[in-house]
Structures are given as structure tokens and as C-alpha cells.
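Lettering follows sequence order; numbering is per chain, from 1. Note that the structure is a prediction, hence the values are computed from the model and not measured.
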Protein chains: 2
Amino acid sequence: MFRHYKASSLLRQTLVGRTSVSSSLNCASAPQIILVHSQNRSYSKLNQDDVNHFKGILNKPEVAVIEDLEGTGSSSELSGYNTDWLNKLKGNSKLALRPSSTEEVSQILKYCNSRQLAVVPQGGNTGLVGGSVPLDDEIVLSLNRMNNIIGFDKNYSILKTQAGVVLEKLIEYLEQFGYMPPVDLGARGSCHIGGNLATNAGGIKLLKYNSLHANTIGLTAVLPDGTILDNMRALRKDNTGYHLKHLFIGSEGTLGVITEAAILCPKIPAAHNVALFALDNFDKVEEVLRASKDYLSENLTAIEFFDSESNNILKDHTKHRNPLGYSHNYYMVVEVSNFDNTSTAEENTKIIEDKFFGLFEKISTVIEDGVIAQDSSQREAIWNCRERIVEGFFKEGMTFKYDFSLPIDKFPVFLDKIRDKLGDHARTGGYGHIGDGNIHVNASIKGYDNLKLFKELQKELEPWVFSLVEDYEGSISAEHGIGSFKAPYFELNKSNKMVSVMKQIKGVLDPNGIMNPHKLFD
Amino acid sequence: MFRHYKASSLLRQTLVGRTSVSSSLNCASAPQIILVHSQNRSYSKLNQDDVNHFKGILNKPEVAVIEDLEGTGSSSELSGYNTDWLNKLKGNSKLALRPSSTEEVSQILKYCNSRQLAVVPQGGNTGLVGGSVPLDDEIVLSLNRMNNIIGFDKNYSILKTQAGVVLEKLIEYLEQFGYMPPVDLGARGSCHIGGNLATNAGGIKLLKYNSLHANTIGLTAVLPDGTILDNMRALRKDNTGYHLKHLFIGSEGTLGVITEAAILCPKIPAAHNVALFALDNFDKVEEVLRASKDYLSENLTAIEFFDSESNNILKDHTKHRNPLGYSHNYYMVVEVSNFDNTSTAEENTKIIEDKFFGLFEKISTVIEDGVIAQDSSQREAIWNCRERIVEGFFKEGMTFKYDFSLPIDKFPVFLDKIRDKLGDHARTGGYGHIGDGNIHVNASIKGYDNLKLFKELQKELEPWVFSLVEDYEGSISAEHGIGSFKAPYFELNKSNKMVSVMKQIKGVLDPNGIMNPHKLFD
């Protein structure tokens, strides 16, 4: 059933010899390029008249960051808008605009569309797939001044907010009502809710609270021609015509700009606690997953896993220590919540303890070891074992970061194949949202700190990796999106017919192609 | 804030005099037509060559129901395909095709598209808005032979099924695994899951389990040109490009035909019970709603309401009796579930009883009266009080049936305005999914059993009613869709800009306009 890649040994030689092997990999169907930076496009060049026009729209000097259009000046602030979070892309935009209203966004886009000026919408710029920065000299349309929370309606549990509000600010705001956003992720301190929506961000809460497609009740989006699609009536049920909001959720800024949203928010559980389990093989990981879903049911609010190499990376590069040590093959974090907010603190502790003991009874012969947090600091310590792995890999060195959906039982064989391909020079870890079939694969490769060398290797590795995901009938992006990094592989993972329909829709909503060029589509 | 309609007394006169008053209502902005039946269209006429071609595709004589093309013959079976469930529409289709595979649907549509033959996709034909039957001589594409359940993956809680499976069959199938579909509705014994998807059907479970947009993981849809969009990989998370499945969910057969789906299914609760409350004013209804959501939280699996006139209709025309009698203004059904499937039956009873008693403590001074079911027959009896109201209205006489989303606090004033408009000749009841802000308004009007008279009155009433919904910032369809009945009012309730984008998308996917003509768009 699975395609074999006999050339894998060649890649190992590459790693040893650090020479180019552009024809060595036997994966004919996969594309060979990795970035679409600075391709020929038919966009206009920004001129001083354009800048003056935008200043007229925004009406205040501080709302635009402009570099000398002749290229002699340089703005360090603009550099931030040009650089992605992974520091792998560096755009050449001369202008970042910071509107504060949907109306201003509309005027900006209308003008850009008429002048054929390319635009990159940018939220918190925390994306991991090179989707939120210019690849060339596109204008950056930053949402960071659209940071007003509109309000929260407790009767309907619906939050209304502008798109540029930082997720953590929403978490803090909703807390006073006893509610929380349905989405949470590591970048919560920087990412915008608008960016979360534009990328359909996932995270640890998705298992329990479902996706942003499920929880977005209303949306305002601005089309490239300036048309404002206002669907903020925020009715829980509204079956009148095509549900257009879903086109914008996950469209990565290629169809328009999300400026406001109405989001269904769950109550903060009355109490929660976490346990950490150690397991010696993946069959047992799956067994704990099944038992947890089956037994804990509505009370299971997160279930995550990581493997031994991820655990070692954590130890080597961060201050966080795994209370179960470093001798096991797999680890799982299980979070249990109690939603009965009339119980006392003591009752809550007892209720959750009972749930965990009930689960233990079912998996006592399956797990090697396990701990339950005794207080909030231990809860944090357990979560850090899972959430700080990413930090460890950053410190280990230049890292290939992948975000796949795969049939869960294929996780170990998939990781083995990658390790086999990369050989001893790489440290490859797998971790992620196992309850959703979402694995993050991180591979750090010693000696490849030089971006040029890294990109050469990337050209060899990625066609093979993405083909492998396709062979396993997975998705090359579970939650991060396509951006520019995966754009060349998008059509490998999606049927031609579906891509063709997507391109038709792009053509209808953005006929001049000004929105986030070369993102999503190559 | 609200527009006043001084002409309301004129409508009363109409009801008394049964004369036409086409210019009497003062609602200038609303359209005046109600049905789009038999308008001029540029479709081809079905001929014998077409029929022979379809017979070749389907390869068995019993898969097509054909009336004599010269119009002299008559098939009672074909009559069923031509008539809607409310018996308000009667189409003139000569041909119903019953393919059994996605491939056959593709071949049929491709041919129809090339020949410019109009097509009405039809599931269980239980819709309430005239969306699933021909308005003229469209070919009926029935999904009733695509009735295979593909399977259920318990690891991911994902059901895969063909579109023509009756909902009740899915309920029975999933029961063996301890799961259930995330959607349920009164028509469960006849409606197809494909029709549920095409109309984004709601129902009593939406409050707890969210919509079909939220729970549909994969979909196969066939475009008018025969293109099969197969997105059945059924990964819990897949952020690769535009999420096209959402275009088809709720599109009412106007973009293509849904042939298969993968649906996330919740576990059947370990136990559940229902209570019925009586209340003397609507403020108290809202108070019980708030208290139930707040206190019962994850354990609240349904909350419904009905008013005294709905209750009286139930008494007058059905065998079902309200255990709280007939002297109260409002009634509420509250369902509580327990998800802990390791508890014994006795423990479950106690857990749920405790939840209800906890709720009682909070609302004891609010409710007039209340009962908790003591066994399954009492549970059924309570649910019948709410679910059989629709049957009562049917028996009362010709009924206007509306399905609105409104701000909950506007429910009573909205009902009052309708009663004021219709006068003493009508019996108007309000009931529905109060937790979602979804009210069903039924108005039976004595003496208007004649369809012609009914339609005359409809022409007077509906522009006013739908304008009123717009004034209250509601939706003219919460869960039933637009179909043909509400098509003339669709653009009244949705911004021109949104409708324009919808029409552009329709134009891209169905350029010849063969799919379900005059449904959704007028």
C-alpha cells in the first residue's frame, strides 16, 4: 500500500557531505521548489501618490509605517512587519498600514484593488507557515489597531470583537463573565483572534470545544474591491443562503480581510486537573486514548501525547523537567474538567479525583507510571512538559516543523520513516493533539544552522515528507495552514478538482489577485 | 425603533370579508409575490432520447419513474416526487431518477448540464419551505437508493454514510456503538441525512451538539458539470485551502448534490430525564433559561418552550395532554443528561435528580408549577407536549408556518403583533428552541382551508411578517431554509452585497443554472 523510497540512504549521505543532491530523491510526482519568493508578478509599484492617498484615508501620521520609497532609508519597525515568526522569511514591504475600522480597511483595499497593489493582511504575525508576511514588496495591512472588544452577550454566550484583539486579552476579558474563547494556543500572548480565524487555528481545546468553523456565529469581512460583508447579526441559527463566513475562516487572507467576529464561547469549567502518564509502546497510547474518551466523555477537556525524543529535547534545552523521568517511550497529558459550578472547591477536587481514579482502574495494566497534579503549580509543570517542547526544538537548532493529520495508528511508523530518512544527524520528535489525529513533527538537524544549507536540505526532504503524508491519506496541514511554505505541496495533497474550485472562488472574490499573493496557491 | 403598520385593521377586514386587498398593506419595501411557480425559464424540454440516455446510465428499469412524455399517462408514484410535504406545491416533473452511486449522479448531472435540463435534488422530501419538489417540469434526482451506511469509526467518533440514508436508520445503526447523530428532528422517520445537510437542519440537539456545519467532517458533492468533489478523507483537522464543504451545507441543492458525508457523532448520554415547567410571564421564561444554562451547563441537553395557544391546539386536536394543565401562559421542557457511563442505573437516577433539585432551588420562586418524569413513558409524554404541537396545527386547518431567529426578549412582542394583525379569526402559537433564539410561529386561520384563498392571504401577510423580522434584526429562516416559499423575501433579510456574492458563487459552480431553479434565489 505504501510507496517505498529507496533513495533514503542518499539523503543521509547528503547530510554527511553537505553537498547538493537535487536529483537524488525518487519522488517523481512531488514538486521540487520550496519558496515562491520574488517571482514575476504584475503588481504596481508603490509610489508617493499612493502613500499620500493612504495618509488621507487614515488621517493620522502614526498609522502608517513607511520606509523611504527610494530604498535608502530603513525602519526597524517595518522590519518587524516584514519578518515571520520563525525568522525564515524577510519581505521587502515599504509600507505597513494600520487602520482602526472596517470602513478604513474597505477604503484601503478598494484603492489597492484599483491600483493593482498587492496586500498582505497581518494579525499577530505568529504563523508558522510563512503566510502573514510579504514575499516581495506587498503592502502590509496590519490589524493591530483594530483591538477593541465590542462586547459579550451572556444570554447567547456570544463574544463580539474586532479582529485585531490579542487572544490573551479576550481570555482575560471573558473571565469576568465566567467564559473563555473556544480556542487557545501557545501564541496566545501575541496572536490576534482575526489571525486565528483566518487560519482556522486549532490548539488543545479543539477536542472538547470544536473548531472556529463550529464556533463562529458572525463575521465581517472586507473584499478586495472594498465591499463590506457584514454578517455580525450574531444569531445562533440563521439558514438564509450560503454560509459565506466559512469561506473566510481558514482562507489565510487570500479572499479578503476579516475585521470583526462574533464567537460562541464556552463556560470556564468549575474546576480541572491534569495527569501525566508514561507508556512503553504506541498501542498502549491508543488504548489510553480510547479509554479516556470512552470513560471521561464530556469531562475530558484535553488529551495530548509526546514521544521520548521530544521529552529529551525538553530536558536538554529548557528548565522544565518531566516528573516521570526520561526512560519511557511515550507520555500522555490528560485533562479532566468538572462543569458543576455549584460544587465547593473540596467537592470539585473529589469529583475530579474520582474521575481520574475511575480511569486508572481501566488503564492500570496499560500505563508504566502516572502522576496527578496536586496543585496549580504541578498542573502548570505537567502542561509545560508538553507545551514547551517547541521551545526546546528552537534552542536545539534549525528545525523542520510539520503539522500533520494522520490516522492515529500510523503515527509511529511515520516517525520511524522520517528518522530513517534523516539518520543520526537529526533529532526528530513527535508530539501533539492525539485526540484529533494531529501530530507535530519537529526535526532539528545539527550543523544546518545556516539558512542556505537548511533550505537546500528542505528542497530534498519536503517533497518526500509531503508525499508520505498523502500516501497515508493524511493532511499536510492539520491546523497551521498552507501559507507560503506548503503552497508548492498543496496540490499534491488536495484533488485537482477541489483546487480548481478554490481557484474559481478566488477568481470571483479577488479577480485582480491582490490578496496575499503566492500564499495558499503557488 | 419599530415600524408601525396602521393597515393591520384592513387585514382583519380581509379575513372577515375574504376579498382581495392587494393594495391595502402599508409595507412599501417588501415584495408582493409569493411563489415563483412556472416562470419563464430557458431550460430544455425532456424528450425520449434523454429518457433513453438516463436508462443507459442507470441500467435498470426500476431506477426511473417516468410519466408519459406526451402528458396522457399518469403515475401515482411520480406524484409523490412532485408534491411537497405540506401539500402546498404540485410540480409537473415527468421523470424521477434514482441513482445508487456518486458516479451515477455525476453522469446524470453532466448530461443534464450539457442538455440544459433543470434538476431538483430530493431527499426524504420533508422540507417545510418548498425546496425539494419541482416548481415546473424539472427532473427529480432522488437520493432514496443511495441508502448505504458506509461505517463508523469509534476512534474518531466519525460516521460515514451515503446521503440517502433515513435519519432514523442512522440513529438505530449508531446505537450499537453507543453513539448517535448530532442532529435529530421530528421528521427523523422520513428525512435523509443528505437533506439534513443540504438544509443545515437544526432541531432540539443543536443547543448541546452544535450544527451540521460544526459536525460535518467530510463530504462528497457532485457539481452540475459532473465534477465529483470527494472530501471524504474524514480527518478531524484539515486546514488545506478553502473549506468547501460548508458551501454545500445549507445550500439547498442549488450548487450541486451531496452524495456522501462523514459526520462527527456524540456519545449517547448514560441517562437523561426531562422536566416540564409552567410560567406566568415571559420574563420568567428567560430567567429559567438563564438559570438552566448557568447551573446545568454541560448537562443541559435541550431546553424548549411553548405558549398557551400552542398548548390549547395540542389539547384540541391530539390525544396528548399537558400534565400541568391549560391555565398557564408559558411552558418549558428542560432535558438533563448524565454522561458518566460507569454509573449504575440507580446512581444515574440520583445524579440527574440532584441536578433537577439543584435547579429547582434556583427557580422555585419563578415557576408556577413543574413536574419531572418518573419513567420513560412520562418522558415521552412531556416531549409529546412540545413535539406534537405541529400535528395539532395541521389538524386545526391551513396554517402559516414560520421559523424565525429573533432576540429572545422579542418573542412575546413579536407574537402579539402577529395576533393583533390576524385578529380573532386566527389561532397563533409560538414554540421552539428557545435556547438558540429560534421560534416557530404557527397561525391557523379558520375558513382558509381553500388553497387559493390561503395564498391570497399569504400575499398580504408575508411581506409584513418578514419585514417585521428584519426590523427586529432576526432571521427569516433559523433552520428550515429559504426554499421557494421564502425566496421572494430572501433579499429583504440579507444585505444586497451578501446576496450578490452568493449569486457569483452560484454562477461559478452552476453556470447554466440547472440546479434547483428558483429555490433560494427568486
Side-chain angles (χ1 to χ4, degrees), chain A residues 155-156 199-200 202 206 210 213-214 227-231 233 235-244 246-247 249-251 267 290 295 297-299 339-342 358 405 408 436-438 473-482 490 493-495 497-499 501-502 504-505 508-509 520, chain B residues 155-156 199-200 202 206 210 213-214 227-231 233 235-244 246-247 249-251 267 290 295 297-299 339-342 358 405 408 436-438 473-482 490 493-495 497-499 501-502 504-505 508-509 520:
Chain A
N155 279 339
Y156 295 90
T199 58
N200 188 30
L206 189 138
N210 213 329
H213 280 286
T227 298
I228 297 170
L229 297 181
D230 177 353
N231 194 18
R233 202 165 270 189
L235 302 163
R236 184 68 191 84
K237 292 161 87 173
D238 181 19
N239 267 352
T240 51
Y242 309 148
H243 296 239
L244 297 179
H246 295 292
L247 270 184
I249 300 168
S251 66
K267 285 180 69 175
R290 274 193 297 271
Y295 172 65
S297 192
E298 293 289 307
N299 299 96
F339 296 90
D340 186 347
N341 56 12
T342 56
S405 277
I408 294 172
D436 307 316
N438 180 188
E473 301 196 339
S475 166
I476 64 168
S477 174
E479 58 178 11
H480 293 170
I482 298 293
F490 176 38
N493 192 227
K494 212 90 193 172
S495 79
K497 290 167 180 172
M498 293 198 72
V499 174
V501 171
M502 290 180 200
Q504 284 179 287
I505 288 169
V508 162
L509 297 186
L520 194 51
Chain B
N155 279 340
Y156 294 89
T199 58
N200 188 31
L206 190 137
N210 213 328
H213 280 286
T227 298
I228 297 171
L229 297 180
D230 176 354
N231 193 19
R233 203 166 271 190
L235 302 162
R236 184 68 191 84
K237 292 161 88 173
D238 181 20
N239 266 352
T240 51
Y242 309 148
H243 296 238
L244 297 179
H246 295 292
L247 271 183
I249 300 169
S251 65
K267 285 179 69 175
R290 274 193 298 271
Y295 171 66
S297 192
E298 293 290 306
N299 299 97
F339 296 90
D340 186 346
N341 57 12
T342 56
S405 277
I408 294 172
D436 308 315
N438 180 188
E473 301 197 337
S475 166
I476 64 168
S477 174
E479 58 178 12
H480 293 170
I482 298 293
F490 176 39
N493 191 227
K494 212 91 193 172
S495 79
K497 289 168 181 174
M498 293 199 73
V499 174
V501 170
M502 290 179 200
Q504 283 179 286
I505 288 170
V508 162
L509 298 187
L520 194 51

Q: Apply side-chain contact (heavy atoms from CB on, under 4.5 Å) to the pair A:Met498 and B:Thr227, showing each step before the final yes or no.
A: CA-CA 9 Å; A:Met498 293 198 72; B:Thr227 298; over 6 Å; no
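- With hydrogens and angles ignored, the 3.5 Å screen pairs a side-chain donor or acceptor of B:Arg233 with a backbone N or O of A:Gly474.
- Note that CG of A:Leu520 and OH of B:Tyr242 are 5.5 Å apart. Values are rounded to the nearest 0.5 Å.
- Contact annotation for B:Phe490: only side-chain heavy atoms (C-beta onward) come within less than 4.5 Å of a heavy atom of chain A.
- B:Leu206 is listed as a side-chain neighbour of A:Arg236, based on a closest heavy-atom distance under 4.5 Å.
- At a 4.5 Å heavy-atom cutoff, the contact between B:Asn210 and chain A is made by backbone and side-chain atoms alike.
- Using a 4.5 Å cut-off between heavy atoms, A:Ile482 contacts chain B through both its backbone and its side chain.
- At least one side-chain heavy atom of A:Val501 sits less than 4.5 Å from a side-chain heavy atom of B:Leu229.
- Interface summary for chain A: among B:Asn231, B:Asp230, B:Leu244, the most heavy-atom pairs under 4.5 angstrom belong to B:Leu244.
- Your options are A:Gly481, A:Gly358, A:Gly202, and the one with the most heavy-atom pairs under 4.5 Å with chain B is A:Gly481.
- Side-chain contact between A:Asp340 and B:Tyr295 is present, with heavy atoms from C-beta onward closer than 4.5 Å.
- Taking chain A as the reference chain and counting heavy-atom pairs below 4.5 Å, the highest number among B:Asn299, B:Asn493, B:Val508, B:Ile476 is found for B:Val508.
- Contact of B:Leu509 with chain A is made through the side chain alone, with heavy-atom distances under 4.5 Å.
- Closest approach of B:His243 and A:Ile249 over heavy atoms only: CD2-O, 3.8 Å.
- With sequence neighbours excluded, the residues that form a side-chain hydrogen bond (donor to acceptor under 3.5 Å, both in side chains) with A:Asn200 are B:Asn239.
- Side-chain N/O atoms of A:Lys494 and B:Thr240 include a donor and acceptor closer than 3.5 Å.
- With a 4.5 angstrom heavy-atom cutoff, A:Lys267 touches chain B only via side-chain atoms.
- The most heavy-atom pairs under 4.5 Å with chain A, out of B:Ile505, B:Val499, B:Leu235, come from B:Leu235.
- The most heavy-atom pairs under 4.5 Å with chain A, out of B:His480, B:Gln504, B:His213, come from B:His213.
- Every residue meeting the side-chain hydrogen bond (donor to acceptor under 3.5 Å, both in side chains) condition with A:Ser475, not counting sequence neighbours, appears here in chain and number order: B:Asp238.
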